[in-house]
Amino acid sequence: MTTILVTGGTGTLGRLVAERLRADGHEVRVLSRSTRPYAVDLRQGGPALDAAVQGVDTIVHCASSPRGGDEQAAGHLIAAARRAGVGHLVYISIVGVDRVPFGYYRSKLAVERLVEESGLGWTILRATQFHDLVVQLLQTLAKSPVMLVPAGVSDQPIEVAEVADRLAELALGAPAGRVADMGGPEVRTFESLARSYLRVTGRRRALARVRLWGAAYRAFRSGGHLAPERAVGKGGFEDYLAKRFGGTPAR
């Protein structure tokens, strides 16, 4: 039996990773800011983090925040893992972090570099955006009577459970370095995703395509965050919408 620590283990992805590893009979420690017995703020580190990683074989690092602090958190985690002699660190990143000059992506890329230079055995998986994250954005955009969507931008959403399955598989294997990306089953214009969301939720909104500005927008327009050659996901966006909101998963 392997002892595995999952950071961000109460989050959307980390919770599923922990469930899959436990189902396979492994000892799983869930680390988050408020979940005992491993309640740790990675941005602070300290003795509680050292206790959490002691005796751990593998760490799956899912904890992340677009509000900042990822690099500091990763630095504390890596230092503690080295002190504890952890053999394998698995990190989940995002497709396009090296191509899209977006603040959060730059932070994820910086953490990748820390993992690669950590001296630990490591594995990095990049995935496209999860279905639920796309829906969160659409819910925000739909608050206005006119739903403004970024012109010329597509997305390739993937089912989070499929990414969790892959991370669990990687955690039980040997360090593999940077593995093949995971992309959702299809590349969709943001407008088509918005129309599907409105139809399933029964909302009536006018759609307006808006041209934005800046290097990040240009990179998103050019598809820097997509992996059409790695469209390995099975669950489509309409399937997700039907499961979450009810209805028929038809386009």
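Only a predicted model underlies this, so the values are computations on that prediction, with no experimental measurement involved. Residues: numbered from 1 along the sequence shown.
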Margin query: Between Glu71 and Arg43 (salt bridge meaning N to carboxylate O under 4.0 Å), is one present in this structure?
Written below: no
Checklist line | Residue pair Leu21 / Ala171: nearest heavy atoms and the distance that separates them | finding: CD2-CB, 4.5 Å
Item checked: Over all atoms of both residues, closest heavy-atom pair of Ala81 and Leu120 -> CB-CD1, 3.8 Å
Note to self: Within the 4.5 Å heavy-atom criterion, are Val60 and Tyr91 side-chain neighbours or not?
What the structure shows: no
Next item on the list: Please check if the side chain of Thr189 supplies one atom and the backbone of Ser192 the other of a donor-acceptor pair under 3.5 Å.
Entry: yes
Margin query: Using side-chain heavy atoms (C-beta onward) and a distance below 4.5 Å, is Phe190 in contact with Pro150?
Written below: yes
Notebook entry, point to check: Would you find a donor on one side and an acceptor on the other, under 3.5 Å apart, between the side chain of His131 and the backbone of Gly235?
Noted result: yes
Check: Could you walk me through whether Arg22 and Val30 pass the side-chain contact (heavy atoms from CB on, under 4.5 Å) check?
Finding: CA-CA 11 Å; Arg22 283 190 177 123; Val30 169; 3.6 Å; yes
Next item on the list: May I have the step-by-step check of side chain to side chain donor-acceptor pair (under 3.5 Å) for Arg221 and Ser154, ending in yes or no?
Entry: CA-CA 7 Å; Arg221 277 178 60 93; Ser154 296; over 6 Å; no
Note to self: With side-chain contact (heavy atoms from CB on, under 4.5 Å) as the criterion, how do Leu16 and Val163 come out once you've worked through the C-alpha distance, each side chain's angles and the decisive distance to 0.1 Å?
What the structure shows: CA-CA 9 Å; Leu16 295 178; Val163 179; over 6 Å; no
Next item on the list: Establish, from distance only, whether the side-chain atoms of Thr123 and Arg178 form a donor-acceptor pair under 3.5 Å.
Entry: no
Next item on the list: Can you measure from OG1 (Thr12) to CZ (Phe130) and round to the nearest 0.5 angstrom?
Entry: 8.0 Å
Notebook entry, point to check: Distance from Asp41 atom CG to Leu49 atom CG, nearest 0.5 Å?
Noted result: 10.0 Å
Next item on the list: Check Pro185 against Ala231 and note the closest heavy-atom contact, atom names and distance.
Entry: O-CB, 3.8 Å
Margin query: More than 12 heavy atoms of other residues, nucleotides or ligands under 6.0 Å from CZ of Arg209: yes or no?
Written below: no
Next item on the list: Output yes when Lys234 and Asp165 qualify as a salt bridge under the 4.0 Å nitrogen-oxygen rule, no when they do not.
Entry: no
Margin query: Between Glu19 and Arg15, does any side-chain N to carboxylate O distance fall below 4.0 Å?
Written below: yes
Margin query: Using the rule given for side-chain contact (heavy atoms from CB on, under 4.5 Å), can you reason through Val6 versus Arg29, listing the C-alpha separation, both sets of side-chain angles and the distance that settles it, and then say yes or no?
Written below: CA-CA 6 Å; Val6 180; Arg29 300 179 186 177; over 6 Å; no
Notebook entry, point to check: For Leu226, does its backbone N or O pair with a side-chain atom of Thr128 as donor and acceptor, under 3.5 Å?
Noted result: no
Check: Between the side chain of Asp57 and the main-chain N/O of Thr3, is any donor-acceptor distance below 3.5 Å?
Finding: yes
Margin query: For Leu42 versus His76, what's the shortest heavy-atom pair and its separation?
Written below: O-ND1, 2.8 Å
Note to self: With rounding to the nearest 0.5 angstrom, report the CG to CD1 distance, Leu125 to Ile92.
What the structure shows: 4.0 Å
Checklist line | salt bridge (Lys or Arg N to Asp or Glu O under 4.0 Å) between Glu238 and Lys243, worked out | finding: CA-CA 8 Å; Glu238 278 70 26; Lys243 185 165 53 177; over 6 Å; no
Notebook entry, point to check: Between atom CG of Leu31 and atom OG1 of Thr10, what is the distance when rounded to the nearest 0.5 Å?
Noted result: 9.5 Å
Check: Hey, mind stepping through Ile4 and Leu172 against side-chain contact (heavy atoms from CB on, under 4.5 Å) and telling me if it holds?
Finding: CA-CA 9 Å; Ile4 302 170; Leu172 298 176; 3.7 Å; yes
Margin query: When you measure from the side chain of Thr201 to the backbone of Tyr197, do you find a donor-acceptor pair of N or O atoms at a distance under 3.5 Å?
Written below: yes
Margin query: Any salt bridge linking Asp70 with Arg67? Criterion: basic side-chain nitrogen under 4.0 Å from a carboxylate oxygen.
Written below: no
Notebook entry, point to check: Can a salt bridge be assigned to the pair Arg113 and Glu116 using a cut-off of 4.0 Å between side-chain N and carboxylate O?
Noted result: yes
Margin query: Let me confirm one number: the OG1-CZ distance from Thr7 to Arg33, rounded to the nearest 0.5 Å.
Written below: 11.5 Å
Notebook entry, point to check: Could Arg126 and Glu112 be called an ion pair, given the rule that one side-chain N must be under 4.0 Å from one carboxylate O?
Noted result: yes
Item checked: Under 3.5 Å: donor-acceptor pair, side chain of Thr140, backbone of Gln136 -> yes
Note to self: If I compare all heavy atoms of Ser118 with all of Ile78, which pair ends up nearest, and what's the gap?
What the structure shows: CB-CG2, 3.5 Å
Notebook entry, point to check: Looking only at heavy atoms, which two atoms of His88 and Leu170 are closest? And how far apart?
Noted result: CE1-O, 3.3 Å
Checklist line | Pairwise distance CG(Leu89) to CG(Leu5) - rounded to 0.5 angstrom | finding: 10.0 Å
Next item on the list: Find out if a path of hydrophobic residues (ILVMFWY) with successive side-chain heavy-atom gaps under 4.5 Å connects Met147 to Val134.
Entry: yes
Check: Should we say atom CZ of Arg203 is surrounded by more than 12 heavy atoms from elsewhere, each under 6.0 Å from it?
Finding: yes
Notebook entry, point to check: Quick one: are Gln129 and Ile94 in side-chain contact, heavy atoms under 4.5 Å?
Noted result: yes
Note to self: Checking Ser65 against Tyr104: is there a side-chain donor and acceptor pair closer than 3.5 Å?
What the structure shows: no
